[in-house]
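Have a look at the structure below before the remarks.
Heavy atoms only: backbone and side chains are in, while hydrogens, waters and symmetry mates are out. Bear in mind that the values here come from a model prediction, so they are computed numbers and not experimental data. A, B, ... follow the sequence lines: proteins, then strands. Residue 1 opens every chain.
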Protein chains: 4
Amino acid sequence: MAAPDRGRDPDRTRADILDVATAEFADKGYTGARVDEIAARMSTTKRMIYYYFGNKEQLYIAVLERAYTGIRTIEQGLDVEHLDPVDAIRQLAGLTFDHHESHPDFVRLVSIENIHRAAHITRSSVLSGLADPALDVLTTILERGRDAGVFRADVDPLDVHMVISAFCVFRTANRHTFNAIFKRDMLDPGLREHYREMLGDLVLAHVAAR
Amino acid sequence: MAAPDRGRDPDRTRADILDVATAEFADKGYTGARVDEIAARMSTTKRMIYYYFGNKEQLYIAVLERAYTGIRTIEQGLDVEHLDPVDAIRQLAGLTFDHHESHPDFVRLVSIENIHRAAHITRSSVLSGLADPALDVLTTILERGRDAGVFRADVDPLDVHMVISAFCVFRTANRHTFNAIFKRDMLDPGLREHYREMLGDLVLAHVAAR
Amino acid sequence: MAAPDRGRDPDRTRADILDVATAEFADKGYTGARVDEIAARMSTTKRMIYYYFGNKEQLYIAVLERAYTGIRTIEQGLDVEHLDPVDAIRQLAGLTFDHHESHPDFVRLVSIENIHRAAHITRSSVLSGLADPALDVLTTILERGRDAGVFRADVDPLDVHMVISAFCVFRTANRHTFNAIFKRDMLDPGLREHYREMLGDLVLAHVAAR
Amino acid sequence: MAAPDRGRDPDRTRADILDVATAEFADKGYTGARVDEIAARMSTTKRMIYYYFGNKEQLYIAVLERAYTGIRTIEQGLDVEHLDPVDAIRQLAGLTFDHHESHPDFVRLVSIENIHRAAHITRSSVLSGLADPALDVLTTILERGRDAGVFRADVDPLDVHMVISAFCVFRTANRHTFNAIFKRDMLDPGLREHYREMLGDLVLAHVAAR
DNA sequence: GATGAATGAGATTTCATTCAT
DNA sequence: TATGAATGAAATCTCATTCAT
C-alpha cells in the first residue's frame, strides 16, 4: 500500500532535481529562481535539494555543467572525412543552428551566466577551461579546405566558431526584444530555412579563398 | 558645511536615480538589483525612488526606456548622401560595433530583458513597437547600393540589421562565457580592428551582388 | 488665462475637502483611508488638508460632525400636531428608513466609528453628548398616543428609537454579508415597501396598548 | 528551563495564531490590524504567520471562517420537537441574543467585513453562499406554528432572521456610538432581560396570526 | 494661502537555509 | 534518507506628515 519508493534511487532523485532546476533557472535566472519553487514542482522535498547539492549556487553549477555537456557532443554525428569542406562547414553551422533552436534553455542559461560574468563557470572545475571540442572538428575542416584551395589559409577557427555562435545565440537569446521592437519572430518556422541558409552563406563567405 | 542641496531639483534627482539604477540593474539583473543598494549609492533616500518611479518595475522600465533612446540616435551622424553604399554599410556596422562596445550596460540590459521575455518592454508604451530608426537609414543605403548595381535587389534590411546586431551583441553579451571557455576576450583592444573589419566583410558579403 | 482662482474661497475649499474626505473615509474606514488619495481626488493639494484640518484624525472628526448634522434635521418635516399618533409613529420610522437608505455613507461612518469604540465622537465637543432631537419628537408622539389610549403608558422613547435604528442601520450596514450568505439584497428596490411596512408594524406592535 | 516546545505541534500553532489574529482583527479592523502585533503577542514569530496562512488577507479570511462556524452551531441545542412554536421562537431569538452578547469579536468582524463590502467572504469558498443552518430550524418552527394556527401563513423565515439579527447585531455593534450620544449602554447587564424579552415580543408580534 | 518635493518610521512579504524527528 | 516545521535576515513598499519656496 506504500507509495512507490522513489527515494531509494539516489541517481534518479538527483536527475529529477536537475531537470526541474534547469527549467527553473533557465526560466527565471539565477537570482529569480526559487528553491521553494523547484521543490514544489517535484515529489521530493526541499530538504533533499540541500542534501544532494549543498546550496542554491552548487545546484546552479550542476545545472550548468549538465547543460554544457549536451552541446559538446553534437559534432559527433558529422562525418568530416567523407564530406567536401564546403558542405562540411555548412553542415557544422547547421548543427549549432539546430541545437540552439531546440535547446532554448541552454541558450538562456548561457545568457544568465554571462549576466553573472561567468562567475559560476569559473568556479566549476568541470566547465572552466573546457574548450569546446567543436573546435577540433572545425580545425580539421578548415585545414582540408585550405589544402583543397577553397578556403583561406589564415582563417582562425575560433573566429568561425564565433560567427556561428553569434548568429545562433542571437536568434534564440534575443528573440523577445527583437520581436517586441521589429515585430519579427526570428524563430518563426517559416523563416527557418532562410536563416539556416543565410548562416551557411555568411560563414562560407568568411572562410572562402578570395 | 551643509550637504549640497540637491533636493530641490527634481529633474536632477530623477536623472541621478536613473543613472545609479541603470548601473545596478545592468550589474545584477532585474531580480538581483536592490532598491536599497540604489538608494545607498546616492544622497537621495530610498523613499524618493518610490516617490519618483512608483515601484521597482517602473524604475526598471524607465531605465530601459532611457537606455534604448541612446542607440536610436547613433545613426544620425552618418552622412548617407555623400558616401558610396559600400562605405556607408561598413560605417553603419561600425557605429553599432562602437556603440555596443562602449555601452556594455545597454547590452546587458537587453540580455536581462530577454531573460524576462521582453515583459517590461511590452509594458512600456514608449518602447513597445518603436522600431529602430536605424532601419530607415539602412533601407536608404541598400536602395542606393541596389541602384548602383553593387547590392542584391532582394536584401531584407532587417536581415542586415540582425547580422550586425548578432555580431555586436554577442561580442559584448557573451564575452564572459566565451572567455572562460576559449580563453579569448572578444573585447581585447588588440583584437578590436580585426573584429570591426570582420563584421564589415560579413555584412558586405551578405548584401553584395553575385 | 489663469485658472479660476478657487483658492480664494476658504469655506469652499474646506467644504470640498470634507466632501472628498467623507467619501474616502466612508469607503475605506478610518485606517484604510489615505490622505494622499483624498488630495489626489481634488484640485487642492495635500498640504491644504493639513492647513485646514491639522491632521488625519481631526479631518475625520470634522467629517463625522458634518455627517451627524444631516440626520438631526430629518424629523423637522414631520407635522406631529396634525397626525394621529399611529400615523405619526409610522411616518417617523419611515423618515429614518428613507434617510439611512439614501445615506449609506453616514451609516458606514457610524459602523466605522463603532469599530473605533466611538473614540472620535467622544473627542468631539460637538458630537459628544448631543442627543438626537428625534427623541423629542418621538416623546411627543408617544405621549399623545398614550393620552389617546392607543399606546402603552410605559414605552421608553429610547427603546423605540433603538428598534427603528436597529432595523434601518442593519438593512444598510449589513447589506453585504447578508447578501453574500443569504443571497438577498436588503436594498433591492422591489423589497423596499415590504421592509418599510414591516418596520412600521414592528414599532407599532411594540408601542401598542394591549 | 527551556521554553515549552510549542513548535512541533502545527495544529496548535495554527490555532494559537488564529486566536491572537481574531482578537487583533476584531480590535483594529482589517487595515488597522498589524501582523507584527499578532506575532508579538505570541511565542511564534511573524514568519510563521506567513508560513501557515500565506498573507494577511488569507489569515483574515481564516479568522472569518472560524468565527462564522461558531454561530452556525448554536441552534443545535434547540429541541424544536418538544417546544410549542411560540416558546421555540422566543428561545431561538434568545440564542442569537446570547451569542452576540457573548461574542462581541464576532459581531465586530461582521461589521468590519461589511465595511469591506464582504470582499473577503466572497473570496472564501467556505463562507460564500453557505446559508446559515439557523434558517432550517426557523422554517420548521414557522411551519409548526402555522399548522397550529398561531402563526401567519405568509411569514418569510429570512425576514424573521433579519429582525432577530438586526436587533442583536445593533445592540453589540452600535453600542459605542449609541452610548456616546444617548448615554445608554445597551449591554448594561441591568437591561439585559428587558432587551431579551423585548426582542421576543417583537418577533412574535411579527409572526403572530392576526 | 498654496505647492511639489522630501522624509522617517514602520508596514507586509520573501527567501535561502536549518532543526527536530 | 527523508520530512514538515521553523527561522533570521533582508527585501519591497506605504503613509502621515513637514520643509523650502
Side-chain angles (χ1 to χ4, degrees), chain A residues 3 5-10 13 31-39 43-59, chain B residues 5-14 31-39 43-59, chain C residues 5-10 13-14 31-39 43-59, chain D residues 5-14 31-39 43-59:
Chain A
D5 199 353
R6 266 187 52 264
R8 302 299 158 190
D9 184 348
T13 303
T31 317
R34 300 290 166 241
V35 177
D36 271 302
E37 185 65 21
I38 294 168
S43 48
T44 304
T45 74
K46 185 164 48 166
R47 187 65 189 78
M48 282 300 92
I49 295 171
Y50 286 90
Y51 183 81
Y52 279 106
F53 295 95
N55 58 29
K56 184 181 179 181
E57 186 179 15
Q58 287 174 263
L59 172 60
Chain B
D5 192 342
R6 261 247 314 282
R8 301 296 155 185
D9 183 350
D11 288 346
R12 173 75 188 282
T13 303
R14 239 189 96 94
T31 315
R34 297 287 168 246
V35 177
D36 267 307
E37 182 64 22
I38 295 169
S43 53
T44 304
T45 71
K46 174 175 57 173
R47 182 63 189 77
M48 279 295 91
I49 294 171
Y50 288 93
Y51 181 75
Y52 278 104
F53 295 95
N55 57 32
K56 185 180 177 180
E57 186 180 14
Q58 286 175 260
L59 172 60
Chain C
D5 198 354
R6 265 188 52 268
R8 301 298 158 192
D9 183 349
T13 302
R14 240 189 92 94
T31 317
R34 298 289 166 243
V35 177
D36 270 303
E37 184 65 22
I38 294 169
S43 48
T44 305
T45 73
K46 185 165 45 165
R47 186 65 190 78
M48 282 300 92
I49 295 171
Y50 286 91
Y51 183 80
Y52 280 106
F53 295 95
N55 60 29
K56 184 183 179 180
E57 185 179 15
Q58 287 175 260
L59 172 60
Chain D
D5 192 342
R6 262 248 312 283
R8 301 294 157 186
D9 183 349
D11 289 345
R12 172 77 188 280
T13 302
R14 240 188 95 96
T31 316
R34 297 287 168 247
V35 177
D36 268 307
E37 182 63 22
I38 294 169
S43 54
T44 304
T45 70
K46 176 172 55 171
R47 182 64 189 77
M48 280 294 90
I49 294 171
Y50 287 91
Y51 180 74
Y52 278 103
F53 295 95
N55 58 33
K56 185 181 177 178
E57 185 180 14
Q58 286 175 259
L59 172 60

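Between D:Ala39 and D:Thr45, the closest heavy-atom pair is CB-C, 4.0 Å. Across B:Met48 and B:Thr44, no two heavy atoms sit closer than the pair CB-CG2, 2.9 Å. In this structure, D:Arg14 and D:Tyr52 approach most closely via the heavy-atom pair CG-CD2, 3.6 Å.
At least one side-chain heavy atom of A:Ile38 sits under 4.5 Å from a side-chain heavy atom of A:Leu59.
Look at B:Tyr51 and you won't find any side-chain N or O under 4.0 angstrom from OP1 or OP2 of F:dC13.
The CE atom of A:Met48 sits 5 Å away from the C1' atom of F:dA2 (whole-angstrom rounding). Following rounding to the nearest Å, B:Ile49 (CD1) and F:dA11 (P) show an atom-to-atom distance of 13 Å. The CZ-P distance, from D:Arg14 to F:dG4, rounds to 16 Å in whole Å. Between the CZ atom of C:Phe53 and the P atom of F:dA16 there is a distance of 16 Å, given to the nearest Å.
For the atom pair CD of B:Gln58 and OH of B:Tyr50, the computed distance is 11.0 Å after rounding to the nearest 0.5 Å.
Listed candidates were E:dA5, E:dG8, F:dT1. Nearest to the side chain of B:Thr45 is E:dG8.
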Show me the protein contacts with nucleotides 9-13 of chain E, counting only N or O atoms at under 3.5 Å.
{"residue": "E:dT12", "atom": "OP1", "partner": "D:Ala33", "partner atom": "O", "Å": "3.4"}
{"residue": "E:dT12", "atom": "OP1", "partner": "D:Val35", "partner atom": "N", "Å": "3.3"}
{"residue": "E:dT12", "atom": "OP1", "partner": "D:Lys56", "partner atom": "NZ", "Å": "3.3"}
{"residue": "E:dT12", "atom": "OP2", "partner": "D:Val35", "partner atom": "N", "Å": "3.1"}
{"residue": "E:dT13", "atom": "OP2", "partner": "D:Tyr50", "partner atom": "OH", "Å": "3.0"}
{"residue": "E:dT13", "atom": "OP2", "partner": "D:Lys56", "partner atom": "N", "Å": "2.9"}
{"residue": "E:dT13", "atom": "O4", "partner": "D:Lys46", "partner atom": "NZ", "Å": "3.4"}

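Every stem involving DNA chain F, taken as at least 3 paired positions in a row under the Watson-Crick or G-U wobble test at 3.5 Å, is listed here: E:2-21 with F:2-21.
Residues passing the salt bridge (Lys or Arg N to Asp or Glu O under 4.0 Å) test with B:Lys56, sequence neighbours excluded: none.
Comparing the P positions of E:dG1 and F:dA20 gives a spacing of 23 Å, expressed to the nearest Å.
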